[in-house]
Amino acid sequence: MSDAAGNGGAVLWEELSSKQLAELPIGSTEQHAAHLPVNVDMLCCYEVAKGVSRLTGVPVLPPLAYGNSMAHAGWPGTVALRPDTFMKVLEELCGWVLRSGFRKIVILNGHLGNEQPMGLASSTFRFEHPEVRIKAVSWWDITPEIKQSVVSDVKGWGFHANDAETSMMLHLRPDLVHMEDARDETEASRDGFFRYFLREKTRTGATGNPLIASREKGERLYRMAVEALAAQIKEAFNEEPPLGQGF
Ligand SMILES: [Zn+2]
């Protein structure tokens with residue numbers, strides 16, 4: 001595994017730049033109800049990125065711990081960036097990755113609220129650096145099967161501290177999970193005609209049902225995400241634009 005964050009900075013630049021591809025995990029620091037810690041989103045995508053690195057040799061950059069968490073305002077433990085700041089941070093980080101010799105970047109996201117600014121930031125970066133290949137994906141969107149599992153306990157828009165996130169944490173860091181404090185918030189995942197802040201629709205901060213979570217489900221989800229993304233990245237190493245170079 002090439003873990004740029006975990007080896008004290010002794011990065012083997014020759015080995016890394018030969019792949020020309022780097023993974024950048026991005027998460028959030030935000031409330032995850034009473035049964036999960038505030039770093040769930042960062043931890044999940046960072047662990048998936050490291051798993052992919054083990055299978056592909058692609059280096060993993062240190063994860064970004066802050067994201068767009070406006071929907072969680074009013075809950076303690078939420079520390080965030082404004083969406084425009086977050087986009088700027090992403091664009092600047094990608095710029096430095098480019099200056100380090102990489103030509104392909106995979107941003108691996110672990111927080112639902114990051115999806116829109118992440119999409120805009122990566123599109124803007126591609127516009128400004130058309131020679132660079134950039135992919136921005138959330139770990140639950142790696143395949144439709146993963147997405148289906150992740151939202152299976154949710155009735156409306158959004159999932160949070162739910163079955164999937166709790167299961168992932170039971171697999172990755174069971175020492176940080178307090179199942180005795182978990183509550184069923186399936187009904188809280190419903191929205192009205194308008195969208196609402198979490199504090200307006202959930203008592204605990206979760207949406208979905210963490211009570212049905214299990215370590216086995218988490219291990220399965222984790223393995224599906226790692227294996228699928230590793231296979232996609234291996235195939236993309238030598239990918240050309242659909243109409244070839246020069247168009
Ligand atoms: Zn989360």
Side-chain angles (χ1 to χ4, degrees), residues 24-51 63-81 83 86 107-119 136-142 146-179 181-186 188-189 191 195-199 201-215 217-219 221-222 224-226:
L24 173 61
I26 58 168
S28 71
T29 296
E30 67 184 23
Q31 70 83 17
H32 272 76
H35 69 289
L36 292 177
V38 296
N39 64 347
V40 167
D41 298 345
M42 187 190 77
L43 209 140
C44 289
C45 68
Y46 190 28
E47 290 302 322
V48 170
K50 287 195 285 184
L64 180 61
Y66 304 99
N68 170 37
S69 298
M70 290 189 296
H72 300 268
W75 294 86
T78 302
V79 180
L81 299 168
F86 174 71
I107 300 174
L108 185 57
N109 177 42
H111 170 50
L112 205 53
N114 288 349
E115 287 187 331
Q116 288 174 320
M118 168 183 82
V137 65
S138 303
W139 69 260
W140 49 87
D141 275 330
I142 292 169
I146 298 171
K147 181 65 173 279
Q148 208 172 10
S149 300
V150 167
V151 300
S152 61
D153 62 328
V154 174
K155 290 187 171 170
W157 185 93
F159 61 90
H160 191 68
N162 69 331
D163 174 22
E165 284 198 319
T166 307
S167 296
M168 281 285 268
M169 288 299 289
L170 284 170
H171 168 55
L172 296 169
R173 288 297 301 273
D175 55 314
L176 298 178
V177 182
H178 297 275
M179 284 307 288
D181 293 325
R183 301 286 179 271
D184 180 359
E185 290 277 21
T186 309
S189 61
D191 253 310
R195 293 270 302 280
Y196 292 93
F197 288 102
L198 265 81
R199 67 169 184 270
K201 57 182 193 170
T202 162
R203 293 158 302 158
T204 62
T207 56
N209 186 10
L211 293 179
I212 58 173
S214 72
R215 191 191 58 75
K217 270 192 227 173
E219 188 180 358
L221 268 178
Y222 176 76
M224 282 166 75
V226 166

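Throughout, numbering of the chain's residues begins at 1 and tracks the sequence. Atoms within a ligand are numbered from 1 in the order they appear, just like the ligands themselves.
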Ring geometry between His32 and His72 (parallel below 30°, tilted from 30 to 60°, perpendicular above 60°):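 His72 and His32: parallel rings.
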
Validation row: His35, Pro210 side chains within 4.5 angstrom (heavy atoms):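 Side chain of His35 against side chain of Pro210, heavy atoms only: contact under 4.5 Å found.
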
Metal check, the Zn ion (ligand 1) vs Glu30 N/O/S, cut-off below 2.8 Å: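 Not a single backbone or side-chain N, O or S atom of Glu30 is under 2.8 Å from the Zn ion (ligand 1).
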
Under 2.8 Å: N/O/S of His111 next to the Zn ion (ligand 1):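 It does not; every qualifying atom lies at 2.8 Å or beyond.
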
Crowding at OH, Tyr222 (>12 non-hydrogen neighbours, <6.0 Å):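 Enclosed.
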
Heteroatom of Asp41 nearest to the Zn ion (ligand 1) (N, O or S, atom name):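 This turns out to be OD1.
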
Nearest to the Zn ion (ligand 1) - the N/O/S atom of Glu165, by atom name: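 Closest to the Zn ion (ligand 1) among those atoms: OE2.
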
Residue that, paired with His160, satisfies side-chain contact (heavy atoms from CB on, under 4.5 Å) out of Thr204, Leu198, Val40, Thr202: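 Testing each of Thr204, Leu198, Val40, Thr202 against His160, the sole residue satisfying side-chain contact (heavy atoms from CB on, under 4.5 Å) is Leu198.
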
